[in-house]
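The structure appears right after this line, and notes come after that.
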Number of protein chains: 2
Amino acid sequence: MSRADQPLHGDQPVTNRRERARLRREEIILIASELFAERGYRGTALADVAARAGITEPGLLHHFGNKAGLLLAVIERRDLDSEAFAMELLGMEPADRLRALPEFARRNRERAGLAKLFTVLVAESLEPDAPGHDHFVARYRALRAIVADTIRSAQEEGLTRAGLDPETKAAEIIATLDGLQTQWLLDPEAVDIVAAVESYARTLERDLTGT
Amino acid sequence: MSRADQPLHGDQPVTNRRERARLRREEIILIASELFAERGYRGTALADVAARAGITEPGLLHHFGNKAGLLLAVIERRDLDSEAFAMELLGMEPADRLRALPEFARRNRERAGLAKLFTVLVAESLEPDAPGHDHFVARYRALRAIVADTIRSAQEEGLTRAGLDPETKAAEIIATLDGLQTQWLLDPEAVDIVAAVESYARTLERDLTGT
DNA sequence: CCTAACTTACTTAGTGCTCGGTAAGTGAGT
DNA sequence: ACTCACTTACCGAGCACTAAGTAAGTTAGG
């Protein structure tokens, strides 16, 4: 009834059919993300994803070609979310970025699935010929570069002591956050991820400023 | 020909048959460790392990009951190695323990398989009903307790500043080492694990002493 | 000391199930 | 007329695991 249901007259190619297919793919990717996080890529059968999505297995493969294609689609989609966060961080003053870390942890805690997805997939991608390997290698290199650049510019502004190597410190920061997340995912009752990250942010501030 | 080939007279029950079986199990565990590290628990078929060990699949199951039994045997065996290292650390003066970290990293670098095994298995054990879950939960709790105790006693001796919470700091230290290891396993060319751990040990010393 | 009974470390053969993937349509949009 | 998002039907391979036997080593009894 409403205009939104119908394609507009003709000023834009509102391809209703393609749009519906795109939404369907998005839905499938979301479902696959959850399952991959819970059982890993190898532990998840296409049939599991298909059943939850209310589609047949060949229907699934029609959209993604094969199982690895589905994995790559999942990774790509989830990277968009992370990229959005990275952009958010880069938009801040360097001094404020540290303070954003606990907020990041808080957000991750509410969506444990996403965190689990990456932890599981990275571990399954350690071998060079794993389907997601190259992607995660590139991802970590980019992440380290972003953090290292942040440190470098903070050094130039005199906010951070000059004695440390930005690349090494970047790897260390990412490692700590990843590692805390893993411990929390394994044993949420024993590890308070938000408190741990808050504490680490303070440690890091002392470390970076040299006070 | 030599006496060693024959059972001794009778003062000890030198059960030749049992001993050979034990050695066989050890050999299988070693092979399974390698495969689990490379392809994960789920990604490894019993047939793969059996083939490399020169035994049939049912022969394998005769020793370990089922696949999960093999996994637990692998974890248990590898924990003995880690425990040996923990004991070594605990035998040192608290002040020397920090200096042992790079040596630990150096050792792990030479045997990347062991490191990879744990990274992969922990990720596969995040879900509470995974076969290794309880084991890794207990392992991390024990590890955190050991490190926290070390910090606590260093505080009592005045070697470490009083203002930090030992439990939280323990989780942070373990997280950093784990996270660095993961980055290195994923991309050995981009991450120098020994240099990174050396740098972190210095960071940590400043952090703990408050200088 | 010899041998019969038992235990143990396997093997061969096979089972039922699940897996990712394909071939060949169908029917509704465009 | 054509495309495209599917479905039904199917496939061969691989999976963990079992049943049943075998041969060698170990132990107990006479």
Side-chain angles (χ1 to χ4, degrees), chain A residues 5-29 31-32 35-36 39-74 124 129-132, chain B residues 5-29 31-32 35-36 39-74 124 129-132:
Chain A
D5 290 2
Q6 302 293 93
L8 310 176
H9 19 71
D11 49 2
Q12 265 191 331
V14 180
T15 49
N16 200 324
R17 190 128 143 281
R18 281 191 192 175
E19 182 58 15
R20 273 204 305 153
R22 207 189 54 81
L23 288 174
R24 196 72 197 268
R25 267 192 292 271
E26 282 288 306
E27 193 195 338
I28 292 169
I29 286 171
I31 289 164
L35 288 171
F36 286 169
R39 315 179 199 176
Y41 170 67
R42 286 185 184 124
T44 304
L46 286 181
D48 299 339
V49 182
R52 275 217 210 169
I55 199 176
T56 58
E57 251 178 283
L60 234 183
L61 291 169
H62 168 72
H63 286 294
F64 302 98
N66 55 31
K67 198 189 178 187
L70 175 59
L71 174 65
L72 293 181
V74 163
E124 280 184 307
D129 55 347
Chain B
D5 290 2
Q6 302 292 94
L8 310 175
H9 20 68
D11 49 1
Q12 264 191 331
V14 179
T15 49
N16 200 324
R17 191 130 142 280
R18 280 191 192 176
E19 181 60 14
R20 272 202 307 151
R22 205 188 57 81
L23 288 175
R24 192 68 194 242
R25 267 192 292 270
E26 282 288 306
E27 192 194 339
I28 292 170
I29 286 171
I31 288 163
L35 288 171
F36 287 169
R39 315 179 197 176
Y41 171 66
R42 284 195 263 248
T44 303
L46 286 181
D48 299 339
V49 182
R52 275 218 209 168
I55 198 176
T56 58
E57 253 179 279
L60 234 183
L61 290 168
H62 168 72
H63 286 294
F64 301 99
N66 56 30
K67 199 189 176 186
L70 175 59
L71 174 66
L72 293 181
V74 163
E124 281 185 306
D129 55 348

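Lettering of chains follows the sequences in order, A, B, ..., and the numbering in each one begins at 1.
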With a 4.5 Å limit on heavy-atom distance, are the side chains of [X] and [Y] in contact?
{"X": "A:Val49", "Y": "A:Ile55", "result": "no"}
{"X": "A:Arg25", "Y": "A:Phe64", "result": "yes"}
{"X": "B:Arg18", "Y": "B:Arg22", "result": "no"}

In this structure, how many angstroms lie between the [atom2] atom of [N] and the [atom1] atom of [X], rounded?
{"X": "A:Leu70", "N": "C:dG21", "atom1": "CG", "atom2": "P", "value": "10 Å"}
{"X": "B:Lys67", "N": "D:dC17", "atom1": "NZ", "atom2": "P", "value": "8 Å"}
{"X": "A:Leu23", "N": "D:dA5", "atom1": "CG", "atom2": "C1'", "value": "14 Å"}
{"X": "A:Asn66", "N": "D:dA13", "atom1": "CG", "atom2": "P", "value": "19 Å"}
{"X": "A:Phe64", "N": "D:dC6", "atom1": "CZ", "atom2": "P", "value": "10 Å"}
{"X": "A:Arg25", "N": "D:dC6", "atom1": "CZ", "atom2": "P", "value": "9 Å"}
{"X": "B:His63", "N": "D:dC17", "atom1": "NE2", "atom2": "C1'", "value": "16 Å"}
{"X": "A:Leu46", "N": "D:dA13", "atom1": "CG", "atom2": "P", "value": "19 Å"}

Using a cut-off of less than 4.0 Å, is there contact between a side-chain N or O of [X] and OP1 or OP2 of [N]?
{"X": "B:Arg24", "N": "C:dC10", "value": "yes"}
{"X": "A:Thr56", "N": "D:dC6", "value": "no"}
{"X": "A:Arg18", "N": "C:dG29", "value": "no"}
{"X": "B:His62", "N": "C:dA9", "value": "yes"}

Verify, without hydrogens or angle tests, whether A:Thr44 (side chain) and A:Arg39 (backbone) share a donor-acceptor contact under 3.5 angstrom.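 Flag not set: sc A:Thr44 to bb A:Arg39 has no pair under 3.5 Å.
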By nearest atom, which of the nucleotides C:dT11, D:dC6, D:dA16 is closest to the B:Ala45 side chain?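 Of all the options, the side chain of B:Ala45 is nearest to D:dA16.
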Minimum-distance pair of heavy atoms, taken over all atoms of A:Leu61 and A:Asn66: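 For A:Leu61 and A:Asn66, the tightest heavy-atom pair comes out as CD2-CA, 3.6 Å.
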Per the atom types in the model, does the base of C:dT8 pair as donor or acceptor with the side chain of B:Arg17 at under 3.5 Å?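 Under the 3.5 Å cut-off, the side chain and the base do form a donor-acceptor pair.
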Assuming nearest nucleotide by heavy-atom distance, tell me which of A:Gly59 and B:Pro58 is located more 5' along DNA chain D.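 It is A:Gly59, whose closest nucleotide lies nearer the 5' terminus.
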Contact class for B:Leu61 vs. all strands (heavy atom < 4.0 Å): base, sugar-phosphate, or nothing?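 Answer is base: heavy atoms of B:Leu61 come under 4.0 Å of a base.
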Given that A:Gly65 and A:Gly43 both sit by DNA chain C, which one's nearest nucleotide is further toward the 5' end?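 Its nearest nucleotide lies further toward 5', so the answer is A:Gly43.
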